[in-house]
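To find a chain, count down the sequence lines: A is the first, B the second, and so on, and within it residues start at 1.
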2 protein chains.
Amino acid sequence: MTMSDIAAQFAARQYKLTSQREAIVRVLLENETEHLTVEDIYLKMKPYHPNLGMATIYRTLDLLSELHIVEKMNFGDGPARYDLRGGGQGHMHHHLICEDCGELTEIKEDWLAELEARLEREYGFLVTDHRLDFKGRFKTCERHDCRSARTGRQVG
Amino acid sequence: MTMSDIAAQFAARQYKLTSQREAIVRVLLENETEHLTVEDIYLKMKPYHPNLGMATIYRTLDLLSELHIVEKMNFGDGPARYDLRGGGQGHMHHHLICEDCGELTEIKEDWLAELEARLEREYGFLVTDHRLDFKGRFKTCERHDCRSARTGRQVG
DNA sequence: ATGCATGCAAAACCTTTGCACCGGA
DNA sequence: TCCGGTGCAAAGGTTTTGCATGCAT
C-alpha cells in the first residue's frame, strides 16, 4: 500500500486528500507493523501539526475504514486500534494475544479459506472479512510465571 | 452450565454468591442464547431488583469473566456484550455478523483445533482461548439488496 | 469487629457532534 | 460563492471509582 494507491482511492470517491489526511496516512505508513490508537497518532503528529485535533484523526480514520484502507480493531480494553490493511489480498486479521505480557502479535497467513468455503455451503453465509484472535501464552514469554502477580490488565 | 456449577466456582475462590450475583447469573442462564449488554441485564432485573445498580452488574460480570463463566465481547460499536460460555468444552466463540442486517449468529462448532496445534508448533504459542468473527452476508438476508440505503451502522 | 459487597453519584474515558471558520474549486 | 474539511469545545455513551452503608462471618 503506497501513498499514491491511497490518493487514487480518495480521488475515485471524490474525497479530498488534504494535508492533514495525508499526514495521518503517512504516520500509518511509517508504522505499518503497529496497531496504533488515535492518541498514538495524535502524539506522533503533534510536533509537526500542533493544531491537528483528535476529532480530525477520528474522522479521517472513519474515512479510511470506509475505504477499507485501514482496519479498526477493538479489543475491549481501552481505545480502538487501527492498522493498514495488507497489500493486495484484502482481508485477513489474525492475532496472538499473550495473557501474560499483553503482547499483540499479528499472524501474517491466511488459514481460513477452507472454513469460509464451508460457511457458505453450510450456513449460506458469504464471508467478506474475518478476524481471528487467539489468547494464550508464548512459551518464551518472560512473564510466563508471573500470572498471579499481574494486576488486572484486560487482554481480550 | 448450571447454577450449582457456578456456585461451586464461587466457593472455590472464596467469592460470595450474594443474592444480587445470583440474580445476575439467573438472567444469564435464562438468556443463554443471547449476547446481553449490561443495560439488557439491568432492565430485565429492574422489576425484581429495583435497587440493583449497573455498577454491581459491571462488577459481577468482571468477576464472572475472571472465572471464565462468561465471555466479554466488544464489537466496537456500542456497549460490550456478555455470554455464558458453553458447557464443558470451555473456549470457542465464533460469530457470523451480517453486514446488511447486523445479525449476530453464533457458530456452535469448534473448527480450530488443528490451527491451534499449528500455532504451538510454529509460534511457540499455547492457546487458551480464541475468538473468530466473520463479516459478510447471509444469502437469505432480507436486506440483501439494500446496502446502499444503509446508514452507517458499524457491525464490526 | 472485620472485611467483602453494594448503591449511589461522580469521575474518567473514549468517541461523536455542533458550529464557526477556512480554503480550494 | 459553494461546499467539504478542520478546529475547538461541548456533549454523548460506556465503564470505573470513591465512599458511606450494609451484611455476613
When rounded to the nearest 0.5 angstrom, what is the spacing between CD1 in A/Ile24 and CG in A/Leu64?
-> 7.5 Å

Does the pair A/Glu34/A/Arg81 count as a salt bridge with the N-to-O cut at 4.0 Å?
-> no

To the nearest Å, give me how far apart OH (B/Tyr58) and P (C/dA9) are.
-> 17 Å

Return the value, rounded to whole Å, for the distance between atom CG of A/Asn74 and atom P of D/dT14.
-> 13 Å

Around B/Glu66, counting heavy atoms of other residues, nucleotides and ligands shown, do more than 12 lie under 6.0 Å from its CD?
-> yes

Given atom NZ of A/Lys72 and atom P of C/dC14, what is their separation to the nearest angstrom?
-> 13 Å

How close or far is atom P of D/dT14 from atom CD1 of B/Ile57, stated in whole angstroms?
-> 14 Å

Comparing B/Glu39 with A/Gly53, nearest DNA chain D nucleotide closer to 5' gives the residue A/Gly53

Tell me, yes or no, whether the heavy-atom count around B/Glu22 atom CD, taken from other residues, nucleotides or ligands under 6.0 Å, exceeds 12.
-> yes

Take A/Ala55 and A/Leu63, find for each the nucleotide of DNA chain D with the closest heavy atom, and name the residue whose nucleotide sits nearer the 5' end.
-> A/Leu63

Out of curiosity, B/His49 NE2 to B/Arg26 CZ, how far, rounded to the nearest 0.5 Å?
-> 8.0 Å

Please state how far atom CE in A/Met73 lies from atom P in C/dC14, giving the value in whole angstrom units.
-> 17 Å

Only residue of A/Thr60, A/Thr56, A/Ile57 satisfying side chain to side chain contact (heavy atoms under 4.5 Å, CB included) with A/Gln20 is A/Thr56

Between C/dT15 atom P and A/Met54 atom CE, what is the distance in whole Å?
-> 9 Å

Of residues 8-29 of chain A, the positions that come close to DNA chain C - non-hydrogen atoms, cut-off under 4.0 Å | none

Nearest atoms (heavy-atom pairs only) where A/Tyr82 meets A/Ser65 = CE2-OG, 4.4 Å

Starting at CG of B/Leu61 and ending at C1' of D/dT16, how long is that distance when rounded to a whole Å?
-> 14 Å

Any side-chain N or O of B/Thr56 less than 4.0 Å from the OP1 or OP2 oxygen of C/dT6?
-> no

Rounded to whole angstroms, how far apart are CZ on B/Arg59 and P on D/dT14?
-> 19 Å

